[in-house]
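We count ligands from 1, going down the list as the structure has it; atoms in each ligand are counted the same way.
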Amino acid sequence: MASRPSVTFAPSFGSEDEGEQDFQYDFHNVAAHQQQHMGPDHNDPRAAAMQTTGMGGGGRPNLLGTYALNSGIVGASSRNLNSAIGADDGRSLVGALGQSIRHHARMIDGDQLLPAESTAAKKAALAAYDPYQDDDHVSLAPAVELNYEKEAREVKQHDGGSAALRAFAANASVQGANENSTTGSGRIHGAGQSSVAPLAETTSSRFSLSNWFTNSFSNLSDRGAKARFSETEEDEVVAVIRDGGTGLKGGGSKLFEEAPKERFVVQTSGSPDVDTPRAPGRIETPFFWLVPRSGANAVRTVMWRCLRLAEASEAGAGEELNVLKIVDGEDKRYVNVDLSTSKGLAHAKELNLASSGVPDVIISGDMHGTLELFNNLNRARVFAVFRNPIERAISKYYADLASDPDVAGMTLTQYVRQGGHRVQNNYLTRHLSGRYGGKLEVFHLDVAREFLRRKFVVGLARDLPATTNLFTHVYGWNNTAAIMGMDNAEQCYQTIFNALTDSSPPSVDEGSEGWKLLVSQNWFDLKLYEYAEYLFQQQIDQLKKKGSLKLKATAYNRTMTSTPLNAALAAETKANPPKPVEVVRLEYSPLKYVVSKVSLDFKLYTGRTLVESVLTVTDNDLQKGESDVGGEDGLVLDGEEATVKLLELSVDGCEGALVADVDFFLKPGKLIIKGDTLRRGASSNENVMVVRTTVEIVPEDNTQLSGLYKSGDMYCTQCEAEGFRRITYYPDRPDVMATFEQVRVEANSKDFPVLLSNGNLVKEGTCEGGTNGDTRKFAVWSDPFPKPSYLFALVAGDLGCLEDSFTTMSGRNVALRFYSEHKNVSKLSYAVESLKRAMKWDEDTFGLEYDLDLFNVVAVESFNMGAMENKSLNVFNTSCVLADPKTSSDANYFRVEGIIGHEYFHNWTGNRVTCRDWFQLTLKEGLTVFRDQQFSGQINNCAAVTRISNVLTVRGMQFKEDAGPMSHPIRPDAYIAMDNFYTATVYRKGAEVIRMYDTILGTGGFRKGMDLYFKRHDGSAVTCDDFLAAMADANDTDLSQFSRWYSTSGTPTVTYVSSFDEEKGLFVIGLSQTSRSDEPLFIPVALGLLDKETGEEVLPTTVLELKEMNQTFTFPVKGDVVPSILRNFSAPVKMVPASGVVNESDMAFLASNDTDGFNRWDSAQQLYAAAILKVMDGKEYAETLDLVLSTFGATLKDASISDDAIRAYALILPGESTLAEAVTVVDPPAIRNARKFVKKAIAKKFKTELTAAYEKLTACVEADTVFKVDGESTGRRRLRNVYLGYLCALDETAEQQIEAAKIATAQFEAASGMTDKLAAFNCLVSMSGEGSSARDAAIQKFYDDANGDPLVIDKWFACLASADLPDLLDRVVKLTNHPDFTLKVPNRCRAVILSFTASAAFHDDNGKGYEFLGDMLEKIDKVNSRVSARTTASSFLSWKRYNEERASMMKAQLERLKAMPTISNDLLEIVMKGLK
Ligand SMILES: [Zn+2]
């Protein structure tokens, strides 16, 4: 990427605690309670008299009759409901009962009502509970199924008995669990390669949150299967529920065909959808599906005790009459049928129970058997109470323990293994999907969900009051109760709920093996229950809002969250952040397992994004890699648990669910899947394993701007260096190069019509799944080129596009699409043109052609870096891609072209060949910066000007960095936060190192080296050593000494001493090098010689190879010469005379005569610097100043200089940061004053000439009718603005101030483009005295003219924050309170804060500037830690270079930051380096 000074914050996102898990049981009391209140009384003498048909009898109205009279389901009751359930809560019917009732609800249990007889469904249901009863089907949950099955078959071969197996399994050893197992006693070890898994694995629970998900795809690597599932099978699910089980017989899906069809009887036609109004005159009977141990009995009690409903249930067992009647028991009224047996159901059918209207409510545990009583005309309205399936299962365990001698005394684990049909096994899913026996597929879960959604009024055991309220209002029972004069119904509920006792339950060891087994065995039910919870809330909300249930027919929500697998870890690392770890270069080792193929599916919702990944993993055995799992062999995935919630994890082919700490490990930042587990899933002769995960992330909360985040209204990504681990679990390191075969992105189509990712667009369209009826859109992208995760990109937004095309050298047509916010599209054309130039240049210069049919570029406002070279989807900071004369300066244009080129060039140097590890960053960045510098210089025919600006950056930024505590070699040896190493050293010095290859080998040799580099390494991740080897081998030369540049930090110094031996006609130059390397570096020193008399060049540029500590070079010359040393800045060194004193007259000579454009400029700079430093140090400067003035004058008037840009550079004094590098103790105010002094002296002396020159150029500029950014126009503007700067430097008298303000204001107002306007504005903001009013007017006008354009506002802030004014700090503090200021957008933050730190006022003696920055950094670090770290690095870190007072005040700020309780890793690393 293109490095930028930049920032960020580190909020820790912990996942919330996912609700309590307290199991509270007192089934003894509950049983007693039930006995007392619920026993049906069959001997009621009045029963016979209560025989009735139609509207009830025995003097009591039939409540159903009343119900049938209601015009709607809810009718007038909604008012009551609202008052009853409370407007704000919606949970508590009887307000005061509140929380404790929910505790009670846990204890409401009934016996598990197993369908008992004869129907096929019932038979199958029974089979479902005992895997060993049915030879054809084992039917434990998928979690343990296969292993049980394998084992069962194996054991049967041995002893032919399943009873033996059960005993065996129960006693088998359990790895990691020590409860009551006879270790090893029953272990089967098949001889050799047994197909049977070791028993330890067989019986240990395999806890997978997503096995069910995995199991639904028959072809594991086929994403098509998945697409079918989500897009087509959804319809099938709906059809099953709409049409009943018959929908399947026509040959449903592949999944269905795999299993016997009769197992999928879903009878639904007798039940209308919840939102279907009741047809007038039609008989509809509420049907309460009795889910055992769910709290249903409490509701049932309410129905008969408080509401006096006549129930048709099992209560009429034994009644022989062939006519329906209501039996009026002592408490209970019931119909004389028995719906608990198939015989009873058949009898009820004969008696036309469904059309009779006799019962008020039908109650049965046999869902489909009961629904068969109904049809289209006589319908049943279904309702039920649901409870957490694990609570239900454990409740049943305790009940069985107490009541069933066969299981008495068993531990939970034993019970789960031996309990057979007693043990819960996805009871709900099986019943609702009709899949009583056999293996469950996710399809069944979907059928069950859809059944629930369409047909059920859903109640929850955890909120019985609200549940009861929901039912009574939906069915109008409150009304009927009122009609019957039962106005105390609610008190009655309260009494019932209060009667539920709450005493200490036997504890359940959550996480024990038995518990895990239960979880895995009820996994579908857990998912189904989550959905029931969701429906419950929806129905409550609807009743509150509308007074009726109108469940919208949106598809069932398959994206419900559950407790993330890594929630505990996230909480732990939030509470106790792990210590930052230093990564060391030499400790690199390849991964044992790598990812070769990736499929990703992003579903973007507001506030929540789901990412499903399918990773094809291969054993990297050939590389003999070690994994870093404490010696264990495994697949290591990176993921930030604070950001990435792991919802599901599975390994294809691993039928057993994965067990935490057995099959996989979660550690801070890591998910490790054991090799054994992977291999268990791989087919025996294929080295291919498939790992699937589903995670949830919240891009809206991501202010770090790393990973997937929201920038304005769009989603975008930044993954380099380690952002991908903030998106999903993945081996997030550059040496894992995988093919991203499919990236599917789905989002709301209105807000995000543009969906982009890497590679080619394969497919797009609309899909269902929106909430609130939104239409959703998806796009599928495929990238054929293997790439590391840091090159992944995704963008979604409402973006405008500028499209163009480029034909490559082989004739391929490439579509170029540039995206931005609609209003900015007009500012993209310069970038498009730049890209085309770059593509052409790379073909011409290096023979490198673009490799895909599409190249996308997106402009993003909030971006940490300049831009990012993601494969075929470059993402740019708006400041680096938008260009428009009104808002962009020439520097902006130049920058856009350079960065567009830079990112494009990365396609080969970075993407096709990438870095093995991040220590090698300079491999791609140094090389690519070099390439973009060459491009910029050559394309604009301004090599010298480009070189000058490059070197200014190296000297101003990189040398400073290398002189401070952040000093590191271009290939660092260790880091804590890699983001801190996107430095000037890696980039700029790295580019200088590449340039030295070019200098040493020549352009032809360099090209040969590049060709070999690509030939050897295309498609791989390599090191700096590999690059060096390619360069050396291609040129058949030894570069081993040169390699020291990669490991040496600091700026080397080369001293020179020269002499002329007139007698021998020899010029001798001695060079000596010093650096932090013990051994000498290989330094190419480009030298030219000019005749002292004539100024003629007598030795053209020659590269001296300085390979020793001291070396002497001799040249025969005719007369004395002036050496032009280190031409074109041929090595990143400080070149100084051995004497320590610059030969000023030589510099003046070179400034006028050198043929090397760079050195000509550089000589003048040295001369100017000498004068400024003498002034600063109070030394005698008159002579030097005279030289400066004469050199300046000569340059000003030199007619041979045709390039205005060259002249401009030659007339500018060295900058304050460059000057600071030349002194031992930096005193910024003193440097500024001395520089101003010299500037004024020049301006004073040449005022007339400068004014004339300025006016001449002004006339030229004003004559230009068309705005251009070519070399000529930009050069002219640059030069004119240099003149303006000098003219405005004259500001001592009121008259001068007025004059300066006048000329600057004139330019400011007349400016046709941003360059001229900004230059004038820059002069104006520092004006005072008589210039103040012009200043203030300009400040206002510039802001107004910006009209909110962020890039212009940034310029405004930056100018104001670096003004040369005595009260600058006060002004900057005000700026930070400006409504347009924000810490969240790095560009804005930098504009103010970094600009201020570059001013002399920052270093004011009183230390207030430092304090202010400390205050700001504390705030910034919480928003964006990359920004805080970089700001600190560029400001406080070099404190040792200042005088004692300043140093101690700066250090104090570092100490203060270090003491922050929540300092980010990024900042901490910098601060610690600073304090070393
Ligand atoms: Zn880059």
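Aromatic rings from F876 and F818 are positioned such that their centres are separated by 6.0 Å or more.
Distances from the Zn ion (ligand 1) to the N/O/S atoms of E925 are shortest for OE1. Shortest distance from the Zn ion (ligand 1) to H906 is reached at NE2 (N/O/S atoms only). When distances from the Zn ion (ligand 1) to the N, O or S atoms of H902 are compared, NE2 comes out shortest.
At least one side-chain heavy atom of F1129 sits less than 4.5 Å from a side-chain heavy atom of R955. Looking at E897 and E833, their side chains never come closer than 4.5 Å, going by heavy atoms from C-beta outward.
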Could you give the side-chain donor-acceptor pairs of residues 788-795 under 3.5 Å, partners two or more places apart or in another chain?
unit_1, atom_1, unit_2, atom_2, d
S789, OG, D732, OD1, 2.7
Y790, OH, G910, O, 3.2
Y790, OH, T914, OG1, 2.7

